[in-house]
Participant: 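Dumping the structure here so I can ask a few things about it.
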Protein chains: 2
Amino acid sequence: MNYNQCWLNYSFIENYSDKDLLTELTVCVNENKNDIIIQNAINELTYALKNILGINVSCEYQDGTETEKVTTGIILKLLNDDNSKISEEGYRILQTGKTVRIEAKTGQGLLYGCFDLIRRIGQGLSVRGLDINENPKNNIRMLNHWDNMDGSIERGYSGKSFFFENDEILINERTKDYARLIASVGINATVINNVNVHKAATELITERYLGKLRTIADIFAGYGIKLFLSINFAAPIEIGGLPVSDPLDERVQNWWNDCVKKIYEYIPNFGGFLVKADSEGRPGPFTYGRTHADGANMLARALKPYGGLLIWRCFVYNCMQDWRDYKTDRAKAAYDNFIGLDGKFEDNVVLQIKNGPMDFQVREPVSPLFGGLKNTNMILEVQAAQEYTGQQIDVCYLIPMWKEVLNFETYAKEDGATVADIVSGRAYNQINCGMAAVSNTGNDFNWTGHDLAAANLYGFGRLAWNTELTSEQIALEWIKLTFPHKDKVIKTIFDILMKSWPVYEKYTSPLGIGWMVNPGSHYGPNVDGYEYDRWGTYHRADRNGLGVDRTVRSGTGYAGQYNEPNASMYENIETCPEELLLFFHYVRYDYKLKSGKTLIQHIYDTHFEGAEEVEKMVRDWEDLKGLIPDDVYMRCRERFYKQLENAREWRDRINTYFYRKSGVKDEKNRTIY
Amino acid sequence: MNYNQCWLNYSFIENYSDKDLLTELTVCVNENKNDIIIQNAINELTYALKNILGINVSCEYQDGTETEKVTTGIILKLLNDDNSKISEEGYRILQTGKTVRIEAKTGQGLLYGCFDLIRRIGQGLSVRGLDINENPKNNIRMLNHWDNMDGSIERGYSGKSFFFENDEILINERTKDYARLIASVGINATVINNVNVHKAATELITERYLGKLRTIADIFAGYGIKLFLSINFAAPIEIGGLPVSDPLDERVQNWWNDCVKKIYEYIPNFGGFLVKADSEGRPGPFTYGRTHADGANMLARALKPYGGLLIWRCFVYNCMQDWRDYKTDRAKAAYDNFIGLDGKFEDNVVLQIKNGPMDFQVREPVSPLFGGLKNTNMILEVQAAQEYTGQQIDVCYLIPMWKEVLNFETYAKEDGATVADIVSGRAYNQINCGMAAVSNTGNDFNWTGHDLAAANLYGFGRLAWNTELTSEQIALEWIKLTFPHKDKVIKTIFDILMKSWPVYEKYTSPLGIGWMVNPGSHYGPNVDGYEYDRWGTYHRADRNGLGVDRTVRSGTGYAGQYNEPNASMYENIETCPEELLLFFHYVRYDYKLKSGKTLIQHIYDTHFEGAEEVEKMVRDWEDLKGLIPDDVYMRCRERFYKQLENAREWRDRINTYFYRKSGVKDEKNRTIY
């Protein structure tokens, strides 16, 4: 087992205050005793109690009717269906007298309840007097793995895939540990193959692979996780022998019906499909003059008899733009492509929408589609894989970014509707909604390349479960579960995490303009890297200023895709949030920001500050030597030094680039090359 | 035979004036009758006469003493050694009465003489009254193939290698046709493997490959071509099992001695080694604190007993430069690395020096090393492979560029010495000198990707033989040998060739600054592509101007590497040739050029003109439809359209980039984005 267990690496806690409440375990699940998920819940709990507290509990089974008589220890109890306060996946934990009672309607609920209790104990928190009722805010809490069947991972920064190798499916210890890890934070769905489906991956939906997939699906089911697959829209042609994959062609519908029937024969609890169609060269309904609704509904109808979902990505734009074209705006594409289809999708279709209109930049406005669609199921897609946010070399704790997105007020309803309200299904009483994250995992020893990047995986699960948790809460939970409980360790790592996104933003592209990265790799600075390219990603910097005019009045009109008052807020340079200033406006270097600084001085200052703050981070990390395990210390230290180099390169390139263009000297006379 | 023969694709010529002189063939070579090279000469001649003129000559052998009695037809005669006017490779052609006499001291000379006669006939030129004595100006006339053993070609734009595939050596019809092709223009040496020697290529010098190499060497020998190999300086470690490749380590010297001995057992006429050491990551003597002289001499001593040459490339520079470093100048590197070693090399060492100090840009000054070294054998290296000059998509006839280099006055001697004087050996009475070209060939049907690129291969051979030929002469020869003899065809292609380099220069990087290409591929514009990189290739453009100050007074001091008066000429912005202005000076956009235009207006004008001239080229080419073979017409037409797209992209990116930086409008108000 050449890997660690991230936050499930339990450490022994001495002198835990409530040990006395946890020395016995009574399980009341009646005829469900052999349910694998319940067994897993019991195993997780007893394993954790042993490792964290040194308690060996033996599990006693009782009838549900007798549980009232149990007076000591933990009680796991499966409730009947009529408790309306607890949802299918929810649970209650109640500490009274000498018992700690975990109740749920399903094995999955009990599993989550056990992990909740473990988290509390693992943090050394008291459970005395605990009385909580936890239901997930989002029904779909999903990971997307961009794993290719050759073992590579698109935008993977943590080694190779642990799902695939040489066009074969891998099943080993790690399969189960992966399920444990993500179930422990409430994730209940996962797509194990890349959304760009090529070659062998096209055949995942055939008998060539379904046997092994069933084994994986069963392991996942034991942890309440549904298996999904990314599919190739052209599969009817590529592997079906049909001349077309036209969604309105009966042969195509029949082919998919048969395909799905076969999948469910193997995997009765199969989750469904994820589709990237008509995007960045992938095939789709546009080839046949059909709409995305035609394409998605055709697949959805095949899945519906079995309860499967069809998840359709909205990341559709013209990736062959001409840089000379100032009118086309990639930011507008998702909205333009999908708003007219609102209400036209089957009810088991879910549109998966990236948090911003571009592509996971360090700063983007929230996608206006969230506030636009009203009769369509939506999933919010975020990227835990740090493609544009440091590639798990630079620390970038992303929960604060995702919180901002979730808290964004769309004004889609009269009484308000945040993104969290919408993607949870609350706003429009929808069921098939939630959140998805592009996973940051791989077969590295520590799963996420940078040890601190595990906070994003942990945090995504926690946030998808409960969007009201704060970034600070999540960071503290994860730190205490992962590192020794020493004040200095906790405080240092907490500080590093909390400032990591702002610092990364400071030393990279300024004020929402994004990009400026090396093409292809997307790591490191290259101001003009995408400026004259076909990707629709421009900063339009000249000797007077920079930024993209996306106003309705004089620009691309993107600002008008928002509901009022957001549209006006972005339209007006005075009210536009400054962190997005260059996303919405072309701004002169001498424009005065609210701080009183000019734009150019702000660029210089933030870049010098960003690099300085990384220097401080490195020093702070080095102060932890001896206080945390040496291997973790050294692994991270190496990355911190790379981050420092990266931050300095960004600082110097950005400052030099804009100094050469603007000719304006730094007020503080710092070195610009 | 799925390929053509370039200029050896003989076409029938009707009504050739001097047919009557060519109907018989007498060969007087005494006991050398069976010499393979003489047989090849005879075969080439009879084959050509048959195909060009429809004459079937039968060859009659006579004693040398009897040739005076032959009164009609062609006479091939091997002379004894005491004719001082004809060198070992030279020949005489004398037309008197009804005979055409080709005389030479060697079979190689006869072969060249036959090809000379064929060229004349193929062009439809009269041979009546011909009396020429031709000796090559350069002893070494060499091609360098950057072919890798996996079949790829580094900077290859004409398909795959015809020497290697899957780590095996290819020997087929093309091997001989290659030898015919290059021998027909006088090339007498070739390095078949890439200077970057990796993996299997390291083992070319071992018995794993020597058997097959011998076969190739024998085929080449039949056309007067010597086989050379690029070697890996670390071979004693990688395949010899030694702990070091230190040139002063006796074990290393012994290992190379044994290695070379083995090679000559297989290939008695083996040419020698080409070495890229301590360059762009390749191993070399610097690893052991030794000089390039130490490294080269060690290898040269191993080769000397067999008459082998050791060719050592001077392309040595720091490829890990920091763009922030304004003092280090890559242009100075070759001179700085080698000038101190002048006179310290064995006499069978030859330094191979690229034409310019950077790397085969569309415009560079001549390398100051040519005027610096006085006691060292030198080869001028040019690049027929159009890495930075259009990649055989864009037409770029390079002979005019090479002519400028050859004609450059170095002032190395009191009475003057051009580069041609120096690399020919004339200046310092050296023997092991000459010219090398990185080959532009591959296994494409037409050998060179673009049909018109064959002019560079042809021209290199002709120029290396006789540096005094003009670009125009060479272009006309090649056109007449390759295309139908129609005035419009000849004029159109001649015009396209002659303006192709100036046009390419116009639409790419301005006034000698170079680079501005896409990193890696080196095709297409990317103004800042190498600006913040580690390769020492910067333009330093800012809002006021651009260019690299390489003066002694205020810049890197590169100008001082030239002899006077060149040094002063470059130092002074007023006397610096304008085509190199930005190579030597940082120049403001408002600087007035001799034309009266500002620098910025010159940039705009040349870029608009360059693209317009390509438009005209395309139209001119399309006017040839029906006048030249359709396959050639179509193949080239496709490339011309790609060139047009490339030229427009260059125009727009360069103009936009500098407009954004300078803020200066085009005087003629043309579209800049």
Side-chain angles (χ1 to χ4, degrees), chain A residues 320-328 515-521 523-534 538-548 586 588-590 600 607 611 645-646 648-665 670-673, chain B residues 320-328 515-521 523-534 538-548 586 588-590 600 607 611 645-646 648-665 670-673:
Chain A
M320 295 295 281
Q321 194 178 328
D322 191 318
W323 60 268
R324 301 169 187 82
D325 172 4
Y326 277 64
K327 287 188 184 127
T328 304
W515 308 95
M516 302 191 174
V517 292
N518 282 305
S521 81
Y523 187 75
N526 192 333
V527 182
D528 274 2
Y530 277 111
E531 186 60 13
Y532 298 91
D533 219 323
R534 63 185 173 88
Y538 313 114
H539 55 66
R540 309 296 192 194
D542 62 20
R543 76 195 321 252
N544 302 312
L546 81 155
V548 179
Y586 172 87
R588 289 181 59 92
Y589 295 122
D590 56 7
I600 187 72
H607 284 78
E645 194 184 345
N646 189 39
R648 287 172 174 163
E649 188 71 19
W650 270 99
R651 174 196 66 196
D652 292 340
R653 284 223 213 171
I654 294 274
N655 286 344
T656 298
Y657 182 97
F658 287 105
Y659 171 65
R660 289 188 185 177
K661 261 201 164 128
S662 70
V664 180
K665 286 191 178 150
R670 288 162 293 194
T671 306
I672 295 177
Y673 296 89
Chain B
M320 295 295 281
Q321 193 177 329
D322 192 317
W323 60 268
R324 301 168 186 82
D325 172 4
Y326 277 64
K327 288 190 183 126
T328 304
W515 309 94
M516 301 192 173
V517 292
N518 282 305
S521 81
Y523 188 75
N526 192 333
V527 182
D528 275 0
Y530 278 111
E531 186 58 12
Y532 300 89
D533 219 324
R534 63 185 173 87
Y538 313 113
H539 55 64
R540 309 294 192 194
D542 62 21
R543 77 195 321 250
N544 302 312
L546 82 153
V548 179
Y586 172 88
R588 288 182 60 93
Y589 296 121
D590 56 7
I600 187 74
H607 284 78
E645 193 184 344
N646 189 40
R648 287 172 174 161
E649 188 71 20
W650 270 98
R651 173 195 67 196
D652 292 340
R653 284 223 214 171
I654 293 276
N655 285 344
T656 298
Y657 182 97
F658 286 104
Y659 172 64
R660 288 189 186 176
K661 263 202 164 128
S662 70
V664 180
K665 286 191 178 151
R670 290 161 292 194
T671 306
I672 295 176
Y673 297 88

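The analysis underlying the following values was restricted to heavy atoms, covering all of them including side chains, and did not include hydrogens, waters or symmetry mates. Naming: A, B, ... by sequence-line order, numbering from 1 per chain. Just so it is clear, the model here is predicted, and its values are computed rather than measured.
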Participant: Test of understanding: with ring pair (Phe, Tyr, Trp, His ring centres under 6.0 Å), list the residues that count as partners of B:Tyr532, not counting sequence neighbours.
Facilitator: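 If we apply the ring pair (Phe, Tyr, Trp, His ring centres under 6.0 Å) test to B:Tyr532, skipping adjacent residues, the hits are B:Trp323.
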Participant: Say you draw a straight line from CD of B:Glu649 to CG of A:Asp322; how long is it, rounded to the nearest 0.5 Å?
Facilitator: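 That separation rounds to 7.0 Å.
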Participant: By side chain to side chain donor-acceptor pair (under 3.5 Å), which residues pair with B:Asn518, not counting sequence neighbours?
Facilitator: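 Here the qualifying residues are B:Asn526.
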Participant: Taking all heavy atoms of A:Arg324 and all of B:Asp652, pick out the closest pair and write down the distance.
Facilitator: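 Minimum heavy-atom separation between A:Arg324 and B:Asp652: NE-OD2, 2.5 Å.
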Participant: What's the separation between atom CZ in A:Arg543 and atom OH in B:Tyr659, rounded to the nearest 0.5 Å?
Facilitator: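 OH of B:Tyr659 is found 10.0 Å from CZ of A:Arg543.
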Participant: Identify which part of A:Thr671 has an atom lying under 4.5 Å from any heavy atom of chain B, answering side chain, backbone, both or neither.
Facilitator: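 Neither part.
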Participant: For A:Tyr326, is it the side chain, the backbone, both, or neither that has a heavy atom closer than 4.5 Å to a heavy atom of chain B?
Facilitator: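 Contact with chain B is through the side chain of A:Tyr326 alone.
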Participant: Got a salt bridge between A:Arg653 and B:Glu531, using NZ or NE/NH1/NH2 to carboxylate O under 4.0 Å?
Facilitator: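 A salt bridge is absent here (no side-chain N lies under 4.0 Å from a carboxylate O).
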